[in-house]
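Whatever order the structure lists them in is the order used to number ligands and atoms, beginning at 1.
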Amino acid sequence: MTKTILIVDDSNFVRNYHAYILEQAAFHVITAVDGSDGLEKLYRNGCDLVLTDVNMSNMDGYEFIRRVRSDQQYTALPIIIVSTESEAKDKTKGFEAGANLYLVKPCTPETILENVRMALLAA
Ligand SMILES: [Mg+2]
């Protein structure tokens, strides 16, 4: 069955890049431009996994993840952070917010696909 991935990123380029990689691998992709758009899309369409940026105006990735996790029906939804921030404190913050995995941009298509598949299998 086709899995739906929600990509949340304020960069047009990154959204398109990640969407292209995932669509080439036969995933169904939904995109959102920030955390609040991400929540809206999640509630409207649902998804099997979230790939989210951290630095976004309006609602950042940490707040977005905390809000997703605060909903009982999404406690087990796989969430992967893809961020330019590479320090341990950023990763810790991401995991504390509720992310399952943390990737540092830029990511190769292989890295994205491996981690998405792994997180879906673990879910
Ligand atoms: Mg950003």
Side-chain angles (χ1 to χ4, degrees):
M1 206 187 121
T2 306
K3 297 288 187 187
T4 299
I5 314 295
L6 172 62
I7 296 172
V8 186
D9 201 301
D10 60 348
S11 157
N12 216 346
F13 176 80
V14 173
R15 275 198 315 277
N16 291 340
Y17 174 61
H18 290 164
Y20 178 77
I21 292 166
L22 291 163
E23 282 167 352
Q24 287 295 107
F27 288 103
H28 177 239
V29 172
I30 299 168
T31 59
V33 298
D34 59 37
S36 57
D37 189 27
L39 284 177
E40 223 177 284
K41 299 279 169 64
L42 176 64
Y43 279 109
R44 191 185 310 153
N45 307 289
C47 72
D48 298 293
L49 182 145
V50 175
L51 211 59
T52 184
D53 183 23
V54 167
N55 295 327
M56 296 179 286
S57 56
N58 200 12
M59 187 193 296
D60 70 16
Y62 300 126
E63 181 61 18
F64 167 68
I65 295 170
R66 277 192 289 271
R67 295 214 193 178
V68 172
R69 287 293 186 235
S70 71
D71 187 322
Q72 201 67 358
Q73 66 176 315
Y74 296 123
T75 51
L77 177 68
I79 301 178
I80 303 176
I81 287 177
V82 189
S83 175
T84 48
E85 308 299 331
S86 60
E87 288 176 37
K89 65 170 172 54
D90 300 306
K91 296 181 183 178
T92 299
K93 210 173 158 190
F95 292 127
E96 279 172 358
N100 301 100
L101 291 169
Y102 192 109
L103 305 177
V104 177
K105 287 176 187 170
C107 292
T108 63
E110 291 73 25
T111 300
I112 294 287
L113 291 173
E114 272 171 21
N115 283 279
V116 163
R117 288 183 176 128
M118 185 165 68
L120 284 170
L121 283 175

* Quick check: does D9 have an N/O/S atom under 2.8 Å of the Mg ion (ligand 1)? -> no

* Backbone N/O of T4 and side chain of D48: donor-acceptor pair under 3.5 Å -> yes

* Give the intermediate values and the outcome of side-chain contact (heavy atoms from CB on, under 4.5 Å) for residues L113 and F27. => CA-CA 10 Å; L113 291 173; F27 288 103; 4.1 Å; yes

* Of the N, O or S atoms in D10, the one nearest the Mg ion (ligand 1) -> OD1

* Test item: R69 side-chain N/O and L77 main-chain N/O as donor-acceptor pair under 3.5 Å -> yes

* To do: Step through the shown structure and confirm whether more than 12 heavy atoms of other residues, nucleotides or ligands are within 6.0 Å of CZ on F95.
  => yes

* N/O/S atom name from D53 that is nearest to the position of the Mg ion (ligand 1) -> OD2

* Any N/O/S atom of N55 sitting less than 2.8 Å from the Mg ion (ligand 1), backbone or side chain? -> yes

